[in-house]
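Here the structure comes first, spelled out in structure tokens, and everything after it is commentary.
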Amino acid sequence: MRVYSSFEKLEALPGNGRNRILLAGEEIPYVQRKQITAGKKIVLTQSQCADLGEEEKELPRYQSAERLTAGIMEVLKDDRGAVLAPGITRSRILAVYSPIHRIGKTTFAIRLGKALAEKQNVLYLNLETYAGEGGYFQDRDVLNLSHLLYYVKQDEGDISVRIASVVKQMGKLDYIPPVKVWTDLLDVPSREWEIFLERLAGQSVYHVILLDMGNSLNGLFGILNLCQRILVPFRKDVHGDAKMKQYHGILQATGYQELEARSLYLDMEKPVRQTVREALAQLEADERKECRNASGRAAP
């Protein structure tokens, strides 16, 4: 979720054209509001003669936050069951995963997320057993990933408003505070993880969803299989080599060897800044290739 105090800042939003919801006050003239592409447009009004477009829905400005949220959810009801709204494309899902521990994986993942967020809307999710409350994540007694997972399980509707109520920021990088109790991760069946990520990719405003993953997830390889690119930090020593060899063997034994083609291995003996640059270069190359392929498919 982004909040803007002027139309000029909103108009310059990098994600214009991928916005799930535009919530604007009637003081922004319709001629300006119609320049912003969004799946849904909601206008907060206080007069009886507001200038509304046919594609816009009206909500009274002066009401409680609870009633306002309920009104927004009501507007979104006709999206129930839809995968994508007009003008919205799927998020790319990226994973940072390694079978080797204590090699700076989360530091790398967060720095990569911040670098990506300089140009795109990025959502970071920490899915490790111990994310480190009080370290990178200073949030206490706030809504977190557990609450969002529970909502997704209970409701099949649009989750974009719920995401906005949970998201926090590290600079330009958005993130959802991680679970406080690691058993909350273990309690989620593999199929629910897949449904959650599919809906997140289809209903959010994010260009990139960045997963920082540990081994505590049911259906780990199935989740990795949903990702367009898997970033695998490693350290080349006796113990690291043994773990990587075992990891490759497990991929073969479980039938997930195709994940190798999407994996980018990053040597953590290098400075983190350099590994982030290498990852960014590969991800940018991936996007250029996807654009060329899309252009080829669209050609007559």
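- When all heavy atoms of Val276 and Ala115 are compared, the pair lying nearest together is CG1-CB, 4.1 Å.
- Taking the charged nitrogens against the carboxylate oxygens, Glu269 and Lys236 have no contact shorter than 4.0 Å, which rules out a salt bridge.
- For Tyr150, the OH atom counts as loosely surrounded, since its 6.0 Å shell holds 12 or fewer non-hydrogen atoms of other residues, nucleotides or ligands.
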Mind running side chain to side chain contact (heavy atoms under 4.5 Å, CB included) on Leu123 and Leu210 for me, showing each step along the way?
CA-CA 6 Å; Leu123 179 66; Leu210 182 61; over 6 Å; no
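- Using modelled atom types and a 3.5 Å distance limit, the side chains of Tyr97 and Asn215 yield a donor-acceptor pair.
- Under the 4.5 Å side-chain criterion, counting only non-hydrogen atoms from C-beta, Val43 is in contact with Arg33.
- Put simply, the side chain of Arg199 gets close to the backbone of Val152: a donor and an acceptor are under 3.5 Å apart.
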When you look at Tyr30 and Leu52, which way does the side chain to side chain contact (heavy atoms under 4.5 Å, CB included) test go after all the steps?
CA-CA 7 Å; Tyr30 173 67; Leu52 297 176; over 6 Å; no
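- Of all the heavy atoms in Ile103 and Ile100, the pair that sits closest is CG2-CG2, 3.6 Å.
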Between Gln274 and Glu278, is the side chain to side chain contact (heavy atoms under 4.5 Å, CB included) condition met? List the steps.
CA-CA 6 Å; Gln274 183 175 344; Glu278 291 176 3; 3.4 Å; yes
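- Considering every non-hydrogen atom in both Leu197 and Ile93, the closest pair reads O-CD1, 4.1 Å.
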Start with the C-alpha distance between Lys34 and Glu55, add both sets of side-chain angles, then the distance that settles salt bridge (Lys or Arg N to Asp or Glu O under 4.0 Å), and finish with yes or no.
CA-CA 9 Å; Lys34 71 178 182 180; Glu55 78 283 8; over 6 Å; no
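- Both Val208 and Met170 are part of a single hydrophobic cluster, where members link through side-chain heavy atoms under 4.5 Å apart.
- Rounding to the nearest 0.5 Å places CZ of Phe234 at 11.0 Å from OG1 of Thr275.
- Within the 4.5 Å cutoff, the side chain of Tyr124 has no heavy atoms near those of the Leu112 side chain.
- Classification of Asp267 and Arg235 as a salt-bridged pair fails, no side-chain N sitting under 4.0 Å from a carboxylate O.
- By the 4.5 Å heavy-atom criterion applied to side chains, Asp212 and Glu128 are counted as neighbours.
- Residue Ser263 is tested with Leu224, Leu251, Leu231, Ile230 for a side chain to side chain contact (heavy atoms under 4.5 Å, CB included); the sole match is Ile230.
- Leu127 and Ser216 get closest at one heavy-atom pair: O-OG, 3.7 Å.
- Contact check for Pro233 versus Val96: side-chain heavy atoms found under the 4.5 Å cut-off.
- Nearest heavy atoms, Val166 versus Leu143: CG1-O, 3.8 Å.
- Within the 4.5 Å cutoff, side-chain heavy atoms of Val142 are placed close to those of Pro177.
- Side-chain contact between Val232 and Met244 is present, with at least one heavy-atom pair separated by less than 4.5 Å.
- Two residues are said to be in side-chain contact when any heavy atoms from C-beta on lie closer than 4.5 Å; Leu94 and Cys227 fail this criterion.
- Between Leu145 and Asn126, the shortest heavy-atom contact is CD2-O, 4.4 Å.
- A search for side chain to side chain donor-acceptor pair (under 3.5 Å) contacts involving Arg111 returns nothing, not counting sequence neighbours.
- With hydrogens and angles left out, the side-chain atoms of Glu26 and Thr45 include no donor and acceptor closer than 3.5 Å.
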Met268 and Lys105: side chain to side chain contact (heavy atoms under 4.5 Å, CB included), yes or no, with the steps?
CA-CA 9 Å; Met268 297 304 287; Lys105 177 175 68 67; over 6 Å; no
CA sep, side-chain torsions, deciding dist, call: Tyr206, Asp174, side chain to side chain donor-acceptor pair (under 3.5 Å):
CA-CA 9 Å; Tyr206 295 99; Asp174 283 7; 2.6 Å; yes
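- Counting only residues at least two apart or in different chains, side-chain hydrogen bond (donor to acceptor under 3.5 Å, both in side chains) contacts with residues 243-256 comprise His248-Glu260.
- Listed by chain and residue number, Glu194 satisfy the salt bridge (Lys or Arg N to Asp or Glu O under 4.0 Å) test with Arg191 (two or more places apart in sequence, or in another chain).
- Checked by atom type and distance alone, the side chain of Glu56 never pairs as donor or acceptor with a backbone atom of Lys41 at under 3.5 Å.
- Counting only distance, with no hydrogens or angles, the side chain of Arg162 and the backbone of His147 share no donor-acceptor pair below 3.5 Å.
- Put simply, the side chain of Tyr175 does not reach to within 4.5 Å of the side chain of Gln169, judged on heavy atoms.
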